[in-house]
Amino acid sequence: MVERVVDWFRAEARDLPWRRSDASAWAVMVSEFMLQQTPVNRVLPVYEAWLDRWPTPAALAAEPVSEAVRAWGRLGYPRRAQRLHAAATAIEEAFDGVVPDAYEDLWALPGVGEYTAGAIASFAYQKRHIVLDTNVRRVLARVVTGTEFPAAATTPQDRRIATALLPDAAPDAAQWAAASMELGAVVCTARSPRCDDCPALKLCRWVADGKPAYDGPPRRGQTYEGTDRQARGRLLAVLRDTHGPVPREELEAAWTRDVTQRERALASLMSDGLVTEEEGEMFALAH
DNA sequence: GATGCGTGGGG
DNA sequence: TCCCCAAGCAT
């Protein structure tokens, strides 16, 4: 399976900027943060602008976190921008400005978890790690386990399967990580997989079993309209698009349907360190 | 382990 | 239209 998928990848891989040979480890790291829950096509323009402005961790660390949150724009989950800034600061202080290559060092950085640590070590440094994102877990669920969808979160079984498949040579392992993710992203997709184009079609257990319908626990839907999350987004958008502090009334105008909810959202944004209150009932992105 | 956390595109 | 979901992390 590994060889077939890697061969397919060599022929069909999308030309993405963070995959080019001149992409720095920092560039890979920036892409990984942005791609956490945001699609590639929306990441691309922000990624380019970000690296143009902050080509190194030191460059980002030298500016206030508010600038990072502003530059993040509408990618969503702005705490990722905050964590990327914090990670850049940690890299500057603890690693002399060089993105670490050790998995444990990476995992210890703000905003870097199991997946992202493996991804950076693998893609930036060609090291040998299992890299389990939603794409890879779906590919393994179908091809190996024979189920349409993986579990909600990474399981010990996922890790066992991925470890068993991992090529011995580090460069091969890194290539396989990229290839298996790509397969899940463009062929073995969640909604309507393009099995006719799949290099693993002949060894896919899910296909061999007749593509049985998913019968696991209901997958968590994300409600959004009218949630605190949406309220937070509206409030933060006002601060992002304004340079300098904003009077409370202007912020309040961004969410009028539920005052209690608005106040809760504002309090949580301040609690998260994304927003600060300044003198005279004025609010701004936290520095 | 379940929940909260943004936003917008595509089927 | 509405619903699903997109390279997760922290708590």
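Labels below follow one simple rule: chain letters A, B, ... track the order of the sequence lines, proteins then strands, and each chain is numbered from 1.
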Student: Between A/Y77 (OH) and B/dT3 (P), how many Å, whole number?
Tutor: 14 Å

Student: Using atom P in both nucleotides, what's the gap between C/dT11 and B/dG6 to the nearest angstrom?
Tutor: 14 Å

Student: Under a 4.5 Å cut-off applied to non-hydrogen side-chain atoms, are A/V144 and A/R205 in contact?
Tutor: no

Student: So A/L16, base contact, sugar-phosphate only, or nothing? Heavy-atom distance under 4.0 Å.
Tutor: base

Student: Round to a whole Å and report the spacing from CD of A/Q37 to P of B/dT3.
Tutor: 16 Å

Student: Could you check whether A/R257 makes a cation-pi contact with A/W255, meaning its NZ or CZ is under 6.0 Å from the centre of the six-membered ring and within 45° of the ring axis?
Tutor: yes

Student: Could you check whether A/R138 gets within reach of a base, just the sugar-phosphate, or nothing at all, counting any heavy atom under 4.0 Å?
Tutor: sugar-phosphate

Student: First and last nucleotide of DNA chain C in contact with chain A, 5' to 3', at under 4.0 Å to a heavy atom: what are they?
Tutor: C/dC4 to C/dA10

Student: Let's go through A/K211 and A/E148 carefully: what are the C-alpha distance in whole Å and the side-chain angles of both, what is the deciding distance for salt bridge (charged side-chain N to carboxylate O under 4.0 Å, His left out) to 0.1 Å, and is it a yes or a no?
Tutor: CA-CA 7 Å; A/K211 299 188 181 182; A/E148 185 176 14; over 6 Å; no

Student: Select base, sugar-phosphate, or nothing to describe what A/R14 touches, counting heavy atoms under 4.0 Å on all strands.
Tutor: base

Student: Please work out if A/A119 contacts a base, only the sugar-phosphate, or nothing of the nucleic acid, heavy-atom cut-off 4.0 Å.
Tutor: nothing

Student: Do NZ/NE/NH1/NH2 and the carboxylate oxygens of A/R264 and A/D258 come within less than 4.0 Å?
Tutor: no

Student: Under 3.5 Å, is there a donor-acceptor pair linking the side chains of A/T38 and A/R80?
Tutor: yes

Student: At under 4.0 Å between heavy atoms, what does A/V131 touch on the DNA or RNA strands: base, sugar-phosphate, or nothing?
Tutor: nothing

Student: Does any residue of residues 231-251 of chain A have a heavy atom under 4.0 Å from DNA chain B, and if so, which ones, in number order?
Tutor: A/R232, A/G233, A/R240

Student: Write down the protein N/O and nucleotide N/O pairs, taken from nucleotides 9-11 of chain B, whose separation is under 3.5 Å; answer none if there are no such pairs.
Tutor:
none

Student: For the side chain of A/T38 and the base of B/dG8, is some donor closer than 3.5 Å to an acceptor across the two?
Tutor: no

Student: For the CG atom on A/D96, are there more than 12 heavy atoms of other groups (residues, nucleotides or ligands in this structure) within a distance under 6.0 Å?
Tutor: no

Student: Going by side-chain contact (heavy atoms from CB on, under 4.5 Å), name the residues that satisfy it together with A/R19, two or more places apart in sequence or in a different chain.
Tutor: A/F9, A/A13, A/R14, A/L16, A/E182

Student: Could you check A/Y115 against A/Q36 for side chain to side chain donor-acceptor pair (under 3.5 Å), going step by step and ending with a plain yes or no?
Tutor: CA-CA 10 Å; A/Y115 160 75; A/Q36 290 169 2; over 6 Å; no

Student: I'd like to know if A/R10 pairs up with A/D7 as an ion pair, taking the criterion as any Lys NZ or Arg NE/NH1/NH2 lying under 4.0 Å from an Asp or Glu carboxylate oxygen.
Tutor: yes

Student: On DNA chain C, does the nearest nucleotide to A/R19 precede the nearest nucleotide to A/G111 from the 5' side, or the other way round? Give the residue.
Tutor: A/R19

Student: Report which part of the nucleic acid A/T227 touches: base, sugar-phosphate, or nothing (heavy-atom distance under 4.0 Å, all strands).
Tutor: nothing

Student: Tell me the interatomic distance from A/L84, atom CG, to B/dC5, atom P, rounded to whole angstroms.
Tutor: 21 Å

Student: Find which nucleotide of DNA chain B each of A/G73 and A/R83 is nearest to by heavy atoms, and output the residue with the more 5' nucleotide.
Tutor: A/R83

Student: Under 4.0 Å, heavy atoms only, any strand: does A/W18 hit a base, just the sugar-phosphate, or nothing?
Tutor: base

Student: For A/E67 and A/W54, test the side chains for any donor-to-acceptor distance below 3.5 angstrom and give the result as yes or no.
Tutor: no

Student: Under 4.0 Å between any heavy atoms, over every strand shown, what does A/E114 touch: base, sugar-phosphate, or nothing? Just pick one.
Tutor: sugar-phosphate

Student: Counting only heavy atoms from other residues, nucleotides and ligands, does the tally under 6.0 Å from CD of A/E3 exceed 12?
Tutor: no

Student: Round to a whole Å and report the spacing from CD of A/Q230 to P of B/dG8.
Tutor: 11 Å

Student: Under 4.0 Å from any atom of DNA chain C, heavy atoms only: list the residues of residues 139-156 of chain A that qualify, in numerical order.
Tutor: none

Student: Enumerate the residue pairs fulfilling salt bridge (charged side-chain N to carboxylate O under 4.0 Å, His left out) with a member in residues 100-127 of chain A, sequence neighbours excluded, ordered by first and then second residue.
Tutor: A/E114-A/R159

Student: By the 4.0 Å heavy-atom rule, please label A/R219 as base, sugar-phosphate, or nothing.
Tutor: sugar-phosphate

Student: Sticking with atom C1', work out how far C/dA7 lies from B/dA2, rounded to a whole angstrom.
Tutor: 22 Å

Student: Measure the acute angle between the ring planes of A/Y47 and A/W18, then classify it against the limits of 30° and 60° as parallel, tilted or perpendicular.
Tutor: perpendicular

Student: Answer yes or no for A/R142 and A/F149: cation-pi contact, defined as NZ/CZ to six-membered ring centre under 6.0 Å and angle to ring axis within 45°.
Tutor: yes

Student: Would you call A/R232-A/D272 a salt bridge at under 4.0 Å N-O?
Tutor: yes

